[in-house]
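What follows is a set of notes on a single structure, which appears directly below.
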Amino acid sequence: MMLHIFDTSNYERSLRRRRLAGFGLLAVGLTGLVCYLLLIHDSDVLPDFAQGFYLGGSSGIAIGSVFLLVRIQYLLTHPAARKKAKIQEQDEREKTIINQAFQFAGMFTFFAAAASMFVLVAVSMEAAMAVLGVIAVYAVVWLISCAYLSRTL
């Protein structure tokens, strides 16, 4: 699905799909805000940092999605800006930079999580298991994406 969203062969259709993804992100952010306001705001069950996480995370997602939707709507209504953005996205150098940045970030995250497990095992077994779960999800997603991309590309 994500590959279809960022497919630039038909750039206008890609922007419309990205707009749908932006509305999905907005729905996630608004859901978090509603949960915060109705369930968590006056709750004594959750500590203050958890309440702040709900408010900050959901606000950030909602605001980020609004910026994304505004940019996409701008590109859909201004052909010159759309053409410039399409050229920039299809530039091979730009694609290489983005792919290498994602590759480095993924490797760094994987190894940092593995290294943090040495500290977490001594401090909290639950936290160590959570990090191990993240590493396992990363590995499974990597294997699935390799299998999928080897068939489609």
Side-chain angles (χ1 to χ4, degrees), residues 1-36 49-50 52-153:
M1 177 66 182
M2 290 301 284
L3 294 175
H4 294 296
I5 290 174
F6 296 109
D7 178 25
T8 56
S9 59
N10 185 340
Y11 195 66
E12 188 171 343
R13 183 173 23 159
S14 173
L15 288 174
R16 293 185 192 285
R17 288 180 179 160
R18 291 179 198 185
R19 184 171 55 187
L20 289 175
F23 281 123
L25 282 174
L26 182 61
V28 169
L30 292 177
T31 301
L33 284 173
V34 168
C35 287
Y36 173 77
F49 71 87
F53 172 77
Y54 269 92
L55 180 61
S58 58
S59 299
I61 291 171
I63 291 168
S65 65
V66 168
F67 282 122
L68 177 67
L69 289 169
V70 167
R71 180 177 185 274
I72 290 171
Q73 190 59 38
Y74 174 77
L75 290 175
L76 284 170
T77 56
H78 293 84
R82 181 173 55 235
K83 182 178 178 182
K84 182 178 177 183
K86 179 181 178 182
I87 290 169
Q88 184 178 6
E89 280 188 32
Q90 290 179 337
D91 181 34
E92 290 299 322
R93 180 177 182 273
E94 195 74 26
K95 285 182 180 181
T96 302
I97 290 170
I98 290 171
N99 288 337
Q100 287 182 351
F102 271 115
Q103 184 178 10
F104 176 76
M107 284 190 322
F108 181 82
T109 302
F110 183 83
F111 289 116
S116 72
M117 285 185 56
F118 286 105
V119 174
L120 290 174
V121 166
V123 177
S124 169
M125 190 58 156
E126 292 84 12
M129 294 306 288
V131 172
L132 182 62
V134 170
I135 291 172
V137 167
Y138 179 89
V140 168
V141 168
W142 182 81
L143 288 171
I144 291 171
S145 63
C146 280
Y148 176 75
L149 292 172
S150 68
R151 291 183 192 166
T152 58
L153 296 180

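All figures in this text were calculated on a predicted structure; none of them were measured in a lab. We number each residue from 1, following the sequence as shown.
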Could you give the side-chain donor-acceptor pairs of residues 52-68 under 3.5 Å, partners two or more places apart or in another chain?
unit_1	atom_1	unit_2	atom_2	d
Ser58	OG	Tyr54	O	2.5
Ser58	OG	Leu55	O	3.4
Ser59	OG	Leu55	O	2.6
Ser65	OG	Ile61	O	3.2
Ser65	OG	Ala62	O	2.7

Original post:
CZ/Arg18 to CG/Leu25 distance, rounded to the nearest 0.5 angstrom?
Top reply: 13.0 Å
Listing, residues 107-115 side-chain donor-acceptor contacts under 3.5 Å, not counting sequence neighbours, or none:
unit_1	atom_1	unit_2	atom_2	d
Thr109	OG1	Ala105	O	2.7

Original post:
How far does CD1 of Ile144 sit from CG of Leu149, to the nearest 0.5 angstrom?
Top reply: 11.5 Å
Original post:
How many angstroms lie between CG in Asp91 and CD1 in Ile87, if you round to the nearest 0.5 Å?
Top reply: 9.5 Å
Subject >> Qualifying residues under side-chain hydrogen bond (donor to acceptor under 3.5 Å, both in side chains), relative to Glu12, sequence neighbours excluded >> reply: Arg16
**OP:** With sequence neighbours excluded, give me every ring-ring contact (aromatic ring centres under 6.0 Å, His included) pair touching residues 113-134.
**Re:** none
Original post:
To the nearest 0.5 Å, what is the distance between CG (Leu120) and CE (Met117)?
Top reply: 8.0 Å
**OP:** Identify which one of Val141, Val134, Ile135 satisfies the side-chain contact (heavy atoms from CB on, under 4.5 Å) criterion when paired with Val137.
**Re:** Val141
**OP:** Just jot down the side-chain hydrogen bond (donor to acceptor under 3.5 Å, both in side chains) partners of Arg19, sequence neighbours excluded, or say none.
**Re:** Gln73
Original post:
Can you tell me how far the OG1 atom of Thr96 sits from the CD atom of Gln103, to the nearest 0.5 Å?
Top reply: 11.0 Å
Original post:
Ala85 and Leu75: which non-hydrogen atoms are nearest, and at how many Å?
Top reply: CB-CD2, 3.9 Å
Subject >> Residue pairs fulfilling side-chain hydrogen bond (donor to acceptor under 3.5 Å, both in side chains) with at least one residue in residues 126-136, sequence neighbours excluded >> reply: Ser124-Glu126
**OP:** Run through Lys86, Arg71, Arg82 and flag the one making a side-chain contact (heavy atoms from CB on, under 4.5 Å) with Leu15.
**Re:** Arg82
Original post:
Hey, are Glu89 and Tyr11 close enough side-chain-wise for a donor-acceptor pair under 3.5 Å?
Top reply: yes
